[in-house]
Amino acid sequence: MSYHQLDLRVFAYQLDEDGPGEEMDGEDDVATFREWTLPSRDFHGLWESLVFDSDVKTRLTRYAGNALLFSEREVDPNLIAWNRVVLLHGPPGTGKTTMCKALAQRLSTAFSKTYESATLVEVNAHSLFSRWFSESGKLVGRLFQKIQDLCEDEKQLVFVLVDEVESLAAARKAAASGGEPGDAIRVVNALLTQIDALKKNPNAMVLTTSNITEAIDVAFVDRADIKAYIGPPGLRARYSILHSATLELVGKGLVQAPGSMALPEGFNRIAIETVTAVLKGGIVNDGTYANAALLRASAACEGMSGRALRKLPFLAYAIEHRDGRCELLDFLNAIAKAVMSERRDREKLAMG
């Protein structure tokens with residue numbers, strides 16, 4: 001690629017420092033939603049911290065950017081259908097909710113020339129079910145009326161995040177079989193109606209997550225333009241997560257690493273070769289041993305979620321540190337110990 005083919009863009013922005021505001025509603029005095037002004041200090045660095053084996057970040061960025069572009073150019077929705085609805089599904093702890101928040105933050109800066117401000121509204125799906133008959137539908141109506149009010153400002157980009165959306169869809173399924181009152185059906189129907197109404201606002205995008213794919217109502221699935229699976233991290237992603245965490249502790253002076261024990265930049269061919277050398281009993285330096293230990297620890301974490309992986313460095317440090325000092329190789333070996341301890345604890349929990 002030559003230089004004249006490059007499209008260099010620089011985005012300058014200031015982070016909002018205020019944090020989320022909450023809206024309280026219902027007899028149980030539960031927050032129905034939280035609201036952030038974007039870009040927010042709370043989400044700074046989230047995008048960079050997310051590591052996946054697939055190209056899901058690129059896929060979502062391209063989809064969301066084009067969805068907003070089509071709306072901006074006023075493409076006829078009768079000829080080309082798109083709803084600006086995203087569904088991320090997969091097991092708990094894989095980064096779905098974090099991905100939604102990071103995506104909203106990223107788009108708020110990328111479209112700053114088109115929209116002067118941006119807001120993220122995180123809906124508390126569980127709070128939409130009132131203990132009072134027929135109140136739930138009204139709660140949904142009031143909530144989305146406030147979202148519609150935000151969308152009236154055409155210079156404001158509005159993201160609506162519905163976490164664990166299956167809690168709504170599953171309620172309707174149960175209600176249809178006679179297990180729940182009719183109000184459960186009404187609240188889900190109201191939600192779907194309100195999502196449809198948001199399509200009229202070109203500055204609105206709905207981001208949703210689900211842990212239980214079989215519980216998602218077909219009517220909602222049909223409304224989602226993109227349905228991206230977020231699974232447990234593979235070896236490459238696990239290595240990257242533990243690698244970044246290790247460098248953070250080294251940088252903060254909590255883990256001591258001699259110069260000869262520096263880790264490579266990331267998961268690469270040289271990293272694989274170092275482990276091969278160690279396993280074959282070859283002559284290697286301290287850095288090779290350190291990288292081999294990190295790769296072994298990454299392999300031991302197979303099946304663990306990203307959320308669980310992010311906790312391992314702390315647990316490992318608690319095992320090996322002495323008065324704020326912990327040698328790099330001891331720390332990396334302790335990660336494998338922390339994995340075994342975590343698995344034993346989970347097995348005991350499963351046994352009851």
Side-chain angles (χ1 to χ4, degrees), residues 15-16 19-23 30-61 63-64 67 84-109 118-129 143 147 157-171 191 195 198 204-217 220-221 223-233 237-238 240-241 244 304-311:
L15 296 173
D16 182 80
E22 291 188 342
E23 177 71 20
V30 176
T32 55
F33 72 85
R34 294 195 296 169
E35 180 181 338
W36 285 267
T37 297
L38 301 177
S40 170
R41 172 68 66 182
D42 290 356
F43 306 144
H44 184 57
L46 278 188
W47 183 266
E48 293 76 15
S49 71
L50 290 167
V51 181
F52 302 106
D53 294 283
S54 67
D55 62 346
V56 65
K57 292 170 73 172
T58 301
R59 182 186 176 196
L60 288 173
T61 302
Y63 156 76
R84 297 188 304 281
V85 177
V86 174
L87 170 61
L88 302 185
H89 61 96
T94 52
K96 299 181 297 296
T97 304
T98 303
M99 182 67 202
C100 287
K101 293 176 178 178
L103 180 63
Q105 176 99 330
R106 193 170 182 83
L107 292 173
S108 71
T109 59
T119 299
L120 172 64
V121 177
E122 182 180 23
V123 177
N124 182 349
H126 300 287
S127 72
L128 297 180
F129 290 96
L143 167 62
I147 294 173
L157 185 55
V158 179
F159 298 95
V160 181
L161 169 58
V162 184
D163 205 12
E164 297 182 12
V165 72
E166 77 276 359
S167 63
L168 299 176
L191 177 67
I195 288 177
L198 279 179
M205 177 170 288
V206 180
L207 310 171
T208 68
T209 73
S210 175
N211 295 331
I212 311 173
T213 54
E214 61 269 21
I216 306 175
D217 191 88
F220 177 80
V221 173
R223 286 164 169 79
D225 297 324
I226 186 168
K227 296 161 275 286
Y229 175 74
I230 309 292
R238 296 196 301 271
S240 296
I241 290 172
S244 63
M304 299 185 72
S305 69
R307 180 188 300 160
L309 281 170
R310 291 288 181 187
K311 295 178 183 178

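No experiment lies behind these values; they were computed from the predicted model shown. Heads up: numbering here begins at 1 and tracks the sequence.
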Quick check: do [X] and [Y] have side-chain heavy atoms less than 4.5 Å from each other?
X	Y	answer
Arg310	Ser49	yes
Thr98	Phe43	no
Leu198	Val160	yes
Pro20	Asp42	yes
Met205	Val158	no
Leu309	Pro233	yes
Leu207	Met99	no
Met304	Arg238	no

Whether [X] side chain and [Y] backbone form a donor-acceptor pair below 3.5 Å:
X	Y	result
Ser305	Thr94	no
Ser108	Gln105	yes
Lys57	Trp47	yes

Check step by step if side-chain contact (heavy atoms from CB on, under 4.5 Å) holds for His89 and Ile230.
-> CA-CA 6 Å; His89 61 96; Ile230 309 292; over 6 Å; no
Which distance, rounded to the nearest 0.5 Å, do you find between the [atom1] of [X] and the [atom2] of [Y]?
X	Y	atom1	atom2	result
Ser240	Leu50	OG	CG	12.5 Å
Leu107	Phe159	CG	CZ	4.5 Å
Glu166	Leu87	CD	CG	9.5 Å
Phe52	Leu60	CZ	CG	8.5 Å
Thr208	Leu191	OG1	CG	9.5 Å
Leu15	Thr109	CG	OG1	10.0 Å

Check the pair Glu35, Thr119 against side-chain contact (heavy atoms from CB on, under 4.5 Å), reporting the backbone distance first and the verdict last.
-> CA-CA 7 Å; Glu35 180 181 338; Thr119 299; 3.4 Å; yes
Regarding Asp16 and Trp36, is there a side-chain donor-to-acceptor distance under 3.5 Å anywhere?
-> no
Might you work through the side-chain contact (heavy atoms from CB on, under 4.5 Å) test for Leu161 and Thr97, ending with a clear yes or no?
-> CA-CA 8 Å; Leu161 169 58; Thr97 304; 4.2 Å; yes
For the side-chain contact (heavy atoms from CB on, under 4.5 Å) test, which of Asn124, Val162, Val121, Ile147 pairs with Phe33?
-> Val121
Please report the C-alpha distance between Tyr229 and Leu88 in whole Å, then the side-chain angles of each, then the deciding distance to 0.1 Å, and finally whether the side-chain contact (heavy atoms from CB on, under 4.5 Å) criterion is met.
-> CA-CA 6 Å; Tyr229 175 74; Leu88 302 185; over 6 Å; no
Taking every non-hydrogen atom, the tightest pair across Arg34 and Lys101 | NH2-NZ, 4.2 Å
If you take all heavy atoms of Ser210 and Val165, which pair is closest and at what distance?
-> CB-CG1, 4.2 Å
Lys311 atom NZ, neighbour heavy-atom count above 12 within 6.0 Å = no
